[in-house]
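Encoded as structure tokens, the structure appears first; notes follow it.
Nothing here was measured: the structure is a model prediction, and the numbers come from that model. In what follows, every heavy atom counts, from backbone to side chain, and hydrogens, waters and symmetry copies are set aside. All chains are named by letter (A, B, ...) in the order of the sequence lines, taking the proteins before the strands, and each is independently numbered beginning at 1.
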Protein chains: 2
Amino acid sequence: MATMKDVAKLCGISISTVSRVINNSGYVNKETEEKVKAAIEKLNFSPNQAARSLVNGDTKTIGLIIPDISNPFFPAIARAVEDTLQEEKYSIIVCNSDNDILKLSKHFKTLKQKSVDGIIIAGEIKRNHIQEFTEQNLPLVMIDVNTDSLPVNSVRTDNRFGGNIATNHLIEQGFSRIAHIRGPLDSSTAEDRYKGYLDSLKEFGILYDPTLVQIGDFHEESGYNAMLRLLAHSNPPDAVFVANDLMALGVLEVLSKNKSQIGIVGYDDIPFIKYLNPKLTTVKQPIYDIGIKAAQILLKTINNSSETVDFVKELMKPELIIRQTSLREKVRK
Amino acid sequence: MATMKDVAKLCGISISTVSRVINNSGYVNKETEEKVKAAIEKLNFSPNQAARSLVNGDTKTIGLIIPDISNPFFPAIARAVEDTLQEEKYSIIVCNSDNDILKLSKHFKTLKQKSVDGIIIAGEIKRNHIQEFTEQNLPLVMIDVNTDSLPVNSVRTDNRFGGNIATNHLIEQGFSRIAHIRGPLDSSTAEDRYKGYLDSLKEFGILYDPTLVQIGDFHEESGYNAMLRLLAHSNPPDAVFVANDLMALGVLEVLSKNKSQIGIVGYDDIPFIKYLNPKLTTVKQPIYDIGIKAAQILLKTINNSSETVDFVKELMKPELIIRQTSLREKVRK
DNA sequence: CTGAAAGCGCTTACAG
DNA sequence: CTGAAAGCGCTTACAG
């Protein structure tokens with residue numbers, strides 16, 4: 001590959017001048033400039049980013065660590081981040097953590113070694129692990145992690161509110177015995193949605209029955225199994241709020257066999273869920289917007305890295321999307 | 001961030017020796033080695049990859065250019081590539097091209113500038129555009145592009161065969177008037193699946209009726225519209241082979257309203273399609289395996305960059321997954 | 001407006 | 001076994 005030296009030689013000038021025309025810095029004779037540009041064109045030269053990074057300290061690339069790009073929740077985030085950052089000429093290194101703190105940690109280290117200009121981390125991280133990432137003095141935005149009172153930027157959605165509107169809707173539809181299939185006990189997201197569910201019960205004066213709450217792991221199969229358990233209950237529920245769409249898929253799977261009339265509300269509104277039959281009522285997260293927001297905050301942090309700026313804590317509101325599965329008078333085929 | 005100089009100073013030795021212990025190259029006194037390792041630990045040092053790249057020429061990062069990570073076909077490829085390459089300590093920069101040759105070209109250039117060690121490109125590229133990428137002397141693997149007789153590695157699936165087994169299955173199920181919703185005219189993938197469809201007709205001595213072939217763009221809505229047109233036909237089909245699952249989603253959308261008994265076979269077997277109701281019969285592409293294969297070939301190319309190796313042309317076989325929508329005696333709820 | 005020189009943080013022969 | 005020195009390809013003051 002051609003280097004600046006090559007184009008300098010071809011033009012009979014110094015590399016300093018070549019650098020100036022490339023970076024539009026300082027004054028350069030119009031004529032010289034043309035000559036340099038022609039040479040660059042001719043040699044198909046493009047500056048070596050590694051060399052640049054070494055002196056500038058920046059790389060024009062950022063890291064995005066997500067649990068799993070195969071999980072339908074994350075591609076939209078990745079896309080949003082790329083769409084937003086590539087306007088500013090950034091590239092994105094994507095890493096899958098599988099929600100494993102060890103893998104996450106390894107990826108973080110690698111990214112740091114590659115001198116990325118900033119990192120976006122999505123997924124649950126336990127509070128005592130967060131510090132490891134915040135003290136690195138690297139522009140950072142966390143998605144979906146509770147960073148209250150911690151020195152990090154974050155973008156989250158109001159999960160408690162989401163759980164609340166989901167459950168309220170079911171109650172207002174006339175369902176009276178409402179179960180909840182929640183996420184893992186150590187997940188704050190799961191916990192918040194569960195709290196929203198409890199809020200609703202209290203709000204409507206419904207007695208809380210702990211045997212109606214089943215624990216899943218946010219994947220299909222656990223939803224399937226949880227629903228089976230619920231159906232085996234001596235006094236089964238007539239509706240269920242499921243903490244995410246993936247588990248709701250499992251729930252639908254068992255209920256479709258039973259031609260059941262149990263009301264269902266999911267959570268996330270992942271793409272393609274709308275093609276399901278019957279159509280799933282769900283709490284929609286503004287996935288793409290979350291990605292955009294995170295990217296914007298990261299960008300701002302990168303550009304202000306010298307000044308002390310307050311950390312941004314963005315809380316986005318989810319929205320109830322009413323489709324078929326929650327309707328009392330629904331027509332299930 | 002700490003540099004090698006810092007650890008050298010802390011140990012009272014030269015950076016040459018530090019470098020040696022980091023890279024396990026040459027002989028180092030056991031004692032010195034321990035001291036260096038301790039210093040590295042203490043200073044939380046990790047080598048600057050930009051500096052390394054500058055001298056070594058490699059970056060331990062590769063580029064993956066796909067049409068769109070939001071398209072459910074691609075996350076599995078991205079995951080497979082990461083899973084395969086991260087064993088070798090590579091990072092992946094993901095770029096979305098939207099199947100736009102200009103964007104693709106820009107991404108390619110950026111990646112080259114960042115000195116990536118290799119690039120995987122997925123998606124259709126017209127023959128006359130391929131050269132632009134092959135002549136750059138960069139390890140390269142193309143997924144899903146016809147590279148016959150061109151100096152590039154590629155991984156593809158046998159689309160003609162896929163179209164053939166899809167249509168054969170429909171015929172064997174007893175359907176006699178079989179339509180085809182194909183992809184764009186300028187897509188070789190679409191063309192090949194269409195040819196497979198034609199092969200079947202000929203094989204079974206069925207007269208080809210061009211009015212039964214509708215053109216879509218591989219997205220839901222075009223499938224929806226194409227199906228509408230087919231239903232408006234004076235002599236409508238009793239089955240349809242749809243060139244990908246996304247368009248089949250659109251087809252199912254119109255047919256579910258009509259309680260139609262038209263047979264359907266899709267193509268791809270994208271994730272979650274199996275949760276659809278009725279369950280879509282489709283031609284499964286080994287998506288994850290395609291990604292693995294591409295990554296393996298890239299790796300081999302990177303490691304043999306000096307030797308002249310033959311270009312690999314991998315042709316993978318798709319597989320028919322029979323579910324509900326193609327069954328003659330199917331029970332549609 | 002332009003060039004010489006130092007330096008970014010490493011690796012790699014070459015001496016010793 | 002270890003160190004001094006050159007060099008990877010750039011950018012950035014500093015002179016001129």
Side-chain angles (χ1 to χ4, degrees), chain A residues 1-37 39-40 43-61 89 109-117 138 305, chain B residues 1-37 39-40 43-61 89 109-117 138 305:
Chain A
M1 255 184 64
T3 69
M4 272 177 47
K5 209 160 142 192
D6 297 322
V7 351
K9 196 186 298 174
L10 186 62
C11 298
I13 58 174
S14 78
I15 61 167
S16 307
T17 303
V18 175
S19 178
R20 276 188 208 97
V21 352
I22 290 171
N23 295 301
N24 281 307
S25 57
Y27 307 87
V28 181
N29 183 1
K30 262 275 167 268
E31 215 169 296
T32 318
E33 186 174 341
E34 295 310 323
K35 216 164 45 177
V36 170
K37 283 186 172 164
I40 288 175
L43 295 174
N44 189 23
F45 164 82
S46 65
N48 180 311
Q49 180 63 49
R52 275 187 156 168
S53 302
L54 199 53
V55 9
N56 290 335
D58 66 2
T59 52
K60 284 290 176 184
T61 113
K89 313 284 185 193
K109 204 169 168 187
T110 304
L111 291 171
K112 210 184 135 195
Q113 211 169 307
K114 297 200 167 160
S115 308
V116 294
D117 299 340
L138 231 176
S305 56
Chain B
M1 258 183 60
T3 68
M4 272 176 46
K5 210 160 140 193
D6 298 323
V7 351
K9 198 185 298 172
L10 186 62
C11 298
I13 57 173
S14 76
I15 61 167
S16 307
T17 302
V18 176
S19 177
R20 274 187 211 97
V21 353
I22 290 170
N23 297 298
N24 281 305
S25 55
Y27 306 87
V28 180
N29 183 1
K30 263 276 167 267
E31 214 169 297
T32 318
E33 185 174 340
E34 295 312 322
K35 215 162 46 177
V36 170
K37 283 185 172 164
I40 288 175
L43 296 174
N44 189 22
F45 164 81
S46 65
N48 179 311
Q49 181 62 51
R52 273 188 157 168
S53 302
L54 200 53
V55 7
N56 289 335
D58 66 2
T59 53
K60 284 288 175 187
T61 114
K89 313 285 186 194
K109 204 168 165 186
T110 304
L111 291 171
K112 211 185 134 192
Q113 211 170 308
K114 296 198 168 163
S115 309
V116 294
D117 299 340
L138 232 176
S305 56

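- No side-chain heavy atom of A:Lys109 sits under 4.5 Å from any side-chain heavy atom of A:Lys112.
- Contact annotation: the side chain of B:Thr32 never approaches that of B:Arg20 to less than 4.5 Å [non-hydrogen atoms, C-beta and beyond].
- Helical stems in DNA chain C, defined as runs of 3 or more consecutive Watson-Crick or G-U wobble pairs with donor-acceptor distances under 3.5 Å: C:1-3 with D:14-16, C:5-12 with D:5-12, C:14-16 with D:1-3.
- Look at CG on B:Asn24: it is 16 Å from C1' on C:dC10, rounded to the nearest Å.
- Distance CG/A:Asn29 to CD1/A:Ile13: 10.0 Å, rounded to 0.5 Å.
- The side chain of A:Arg52 approaches D:dT11 more closely than any other nucleotide in the set D:dT11, C:dC10, D:dG9.
- Of the candidate nucleotides C:dG9, D:dG3, D:dC10, D:dG3 has the atom lying nearest to any side-chain atom of B:Arg20.
- When each of B:Thr32 and A:Ala2 is assigned the nucleotide of DNA chain D bearing its nearest heavy atom, the one mapping closer to the 5' terminus is B:Thr32.
- As judged by a 4.0 angstrom heavy-atom cut-off over every strand, A:Ser16 is placed among the base-contacting residues.
- Counting only heavy atoms from C-beta outward, the side chains of B:Thr61 and B:Lys114 never approach each other to under 4.5 Å.
- The distance from atom CG of B:Asp58 to atom C1' of C:dT11 is 11 Å, rounded to the nearest whole Å.
- When the P atom of C:dC10 is taken as reference, atom CD1 of B:Ile22 falls 7 Å away, rounded to whole Å.
- Remark: A:Lys35 does not engage A:Glu31 in a salt bridge, criterion side-chain N to carboxylate O under 4.0 Å.
- The separation between B:Lys30 atom NZ and D:dC1 atom C1' is 13 Å, rounded to whole Å.
- Between the C1' atom of D:dT12 and the CE atom of A:Met4 lies a distance of 11 Å, rounded to the nearest Å.
- The shortest distance between side-chain heavy atoms of B:Ile22 and B:Met4 falls below 4.5 Å.
- Atom CD in A:Glu31 sits roughly 14 Å away from atom C1' in C:dT2 (whole-Å rounding).
- Both B:Asn29 and B:Val55 lie near DNA chain D, and the one whose nearest nucleotide falls closer to the 5' end is B:Asn29.
- Residue A:Ser53 is out of contact with every strand shown, counting any heavy-atom pair closer than 4.0 Å.
- Of the residues in residues 7-15 of chain A, those lying under 4.0 Å from DNA chain C by heavy-atom distance are A:Ile13, A:Ser14.
- B:Ser14 approaches B:Ala8 most closely through the heavy-atom pair C-CB, 3.9 Å.
- Between A:Lys114 atom NZ and C:dC10 atom P there is a gap of 15 Å when expressed in whole angstrom units.
- Side chain of B:Asn48, nearest nucleotide from D:dG9, C:dC10, D:dT11: C:dC10.
- Side-chain nitrogen and oxygen atoms of B:Thr17 include at least one within less than 4.0 Å of the OP1 or OP2 phosphate oxygen of D:dG3.
- A salt bridge links A:Glu33 with A:Lys30: the distance from a Lys NZ or Arg NE/NH1/NH2 to an Asp or Glu carboxylate oxygen falls below 4.0 Å.
- Distances shown here put every side-chain N or O of A:Asn23 at or beyond 4.0 Å from the OP1 or OP2 atom of D:dC10.
- When distances run from any side-chain atom of B:Thr3 to the nucleotides C:dC10, D:dG9, D:dG3, the shortest one goes to C:dC10.
- Rounded to a whole Å, the CG atom of A:Leu54 is 12 Å from the P atom of C:dT11.
- Base contact: A:Ser19 has a heavy atom under 4.0 Å from a base atom.
- How far CZ of A:Arg52 is from CG of A:Asp58: 9.0 Å, rounded to the nearest 0.5 Å.
- Separating the NZ atom in B:Lys5 from the NZ atom in B:Lys9 is a distance of 6.5 Å, to the nearest 0.5 Å.
- Closest to the side chain of B:Val28, out of D:dT2, D:dC10, C:dT11, is D:dT2.
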